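All of these numbers come straight from a predicted model, not from anything done at the bench. Residues take their numbers from the sequence shown, with the count starting at 1.
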Amino acid sequence: MTPRPLSAPELHRLRAMQRVLRHAVSTADRADIAEQQRTGYPALELPSEDAHALAAQDERRIAVYRKLVRGTLVDVVAAQIPRVAARLGEARYEALVHRFVTEELPRSQVLRDVAFELVAWAAAHGDTALSLDAPFLLDLARYELFEFDVHAAPRRALTTSDDIAADQPVAFDTTVRIAELGHRVHELPDDATDRSVPVAEPVTVLAYRDAEGRFRQLTLTPLCGAILVRMWRHATPLATAVGEACRAADTAVTPEVITGTAQVLEDLAERGALLGGLVGPAPPPPSPFAHWLLDGQRADVASEVAP
């Protein structure tokens with residue numbers, strides 16, 4: 001049965017109650033929740049009957065809702081960035097999530113997006129949030145989400161040609177992602193108890209899922225990374241991507257560059273990460289999160305997700 005549309009008064013009441021729940025989840029001072037409930041939430045413009053009904057309810061009911069939502073977000077984020085959560089320790093990690101919820105509630109309706117939004121928010125706050133005493137933690141968080149994004153990316157069929165023309169975009173497997181990192185966090189052990197410190201060195205990593213669904217990654221040279229980023233992110237034709245990357249690096253387009261690029265593309269094709277020349281329409285772009293993971297300069301990515 002199709003539900004009937006809400007009337008204007010019903011919609012007004014629903015939105016008012018959503019404001020109540022938003023207040024309960026985001027308010028830093030739990031005592032303020034009880035105070036607002038007793039006074040009918042004067043700032044939230046509730047219908048009078050709802051304000052009176054809420055004032056008559058046990059104060060613990062809304063407090064339990066707050067606890068359930070915040071606890072769920074703590075657990076979900078930890079499942080996506082387990083090594084960062086372990087390195088921060090339980091108290092600091094939970095304080096980070098609670099601060100995020102207070103200052104910047106998640107905007108996406110998809111629960112798995114919350115970790116991406118939190119890390120983007122933390123990146124915008126620099127040393128006052130995630131970096132703290134370990135500057136590489138932000139890169140580790142980005143890399144853990146990078147791995148998650150590769151595992152979660154849908155594999156879509158694309159129309160391709162066997163040969164790649166110089167003036168033609170290429171078709172990457174739709175699980176391919178590329179990230180630029182300031183530390184070699186991709187070399188750290190998967191063990192959450194490990195406390196190794198990664199080398200502080202810029203690195204570009206390409207990852208994908210192979211035919212058996214396993215996570216695979218390659219470390220790229222700076223020039224190769226710059227070329228592939230253009231081809232992957234913007235569907236830039238091969239020759240144009242090579243020329244742009246060489247100009248940005250103040251490097252000539254030499255036979256060695258062309259040969260090296262061809263060898264990398266051939267290797268990616270053998271791995272199944274590159275499917276050929278793109279003939280049909282380009283695949284849907286990765287989420288804004290995938291693009292932020294690419295270059296680390298999209299700390300405002302959460303603002304692009306509709307509330």
Is it the case that atom [atom1] in [X] sees more than 12 heavy atoms from other parts of the structure closer than 6.0 Å?
X      : atom1 : value
His151 : NE2   : yes
Asp163 : CG    : no
Glu187 : CD    : yes
Glu45  : CD    : no
Arg195 : CZ    : yes
Asp162 : CG    : no
Arg60  : CZ    : no

Separation between [atom1] of [X] and [atom2] of [Y], rounded to the nearest 0.5 Å:
X      : Y      : atom1 : atom2 : result
Arg230 : Thr240 : CZ    : OG1   : 10.5 Å
Arg209 : Arg177 : CZ    : CZ    : 9.0 Å
Met17  : Arg13  : CE    : CZ    : 9.0 Å
His52  : Leu46  : NE2   : CG    : 10.5 Å
Glu244 : Ile227 : CD    : CD1   : 10.5 Å
Phe116 : Arg142 : CZ    : CZ    : 11.5 Å

For Leu11 and Arg15: C-alpha separation, side-chain torsions, deciding distance, then whether side chain to side chain contact (heavy atoms under 4.5 Å, CB included) applies.
CA-CA 6 Å; Leu11 187 58; Arg15 288 175 173 167; 3.7 Å; yes
Please answer: with hydrophobic residues joined when any side-chain heavy atoms are less than 4.5 Å apart, are [X] and [Y] in the same cluster?
X      : Y      : result
Ile178 : Leu223 : yes
Leu238 : Leu275 : no
Leu68  : Val114 : no
Phe215 : Phe148 : yes
Val64  : Val69  : no

Which heavy atom of [X] sits nearest a heavy atom of [Y], and at what distance?
X      : Y      : result
Ala207 : Val150 : CB-CG2, 3.9 Å
Phe136 : Ser196 : CZ-O, 4.3 Å
Tyr65  : Val25  : CE2-CG2, 3.7 Å
Arg112 : Ala152 : NH1-CB, 3.5 Å
Leu158 : Phe172 : CD1-O, 3.6 Å
Arg271 : Leu218 : NH2-CD2, 3.1 Å

Got a salt bridge between Arg184 and Asp139, using NZ or NE/NH1/NH2 to carboxylate O under 4.0 Å?
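Not counted as a salt bridge, because no side-chain N and carboxylate O are separated by less than 4.0 Å.
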Is the shortest side-chain N to carboxylate O distance from Arg38 to Glu35 below 4.0 Å?
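Salt bridge present between Arg38 and Glu35.
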Only one of Asp190, Leu137, Val185, Leu88 forms a side chain to side chain contact (heavy atoms under 4.5 Å, CB included) with Arg83, so which one is it?
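The residue from Asp190, Leu137, Val185, Leu88 that satisfies side chain to side chain contact (heavy atoms under 4.5 Å, CB included) with Arg83 turns out to be Asp190.
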So, does [X] use its side chain to make a donor-acceptor pair with the main chain of [Y] at under 3.5 Å?
X      : Y      : value
Tyr93  : Val74  : yes
Thr174 : Pro154 : yes
Trp232 : Val176 : yes
Glu117 : Ser108 : yes

Go through the steps to decide whether Leu44 and Gln36 satisfy the test side chain to side chain contact (heavy atoms under 4.5 Å, CB included), and finish with yes or no.
CA-CA 10 Å; Leu44 300 184; Gln36 290 297 318; 5.8 Å; no
Would a 4.5 Å heavy-atom cut-off, applied to side chains only, mark [X] and [Y] as touching?
X      : Y      : answer
Asp113 : Arg107 : no
Leu73  : His98  : no
Thr102 : Arg70  : yes
Val77  : Leu96  : no

Does Val264 form a side chain to side chain contact (heavy atoms under 4.5 Å, CB included) with Thr221? I'd like the steps, not just the answer.
CA-CA 11 Å; Val264 171; Thr221 65; over 6 Å; no
Determine, stepwise, if the pair Gln18 / Arg22 fulfils side chain to side chain contact (heavy atoms under 4.5 Å, CB included).
CA-CA 6 Å; Gln18 288 174 336; Arg22 178 186 179 95; over 6 Å; no
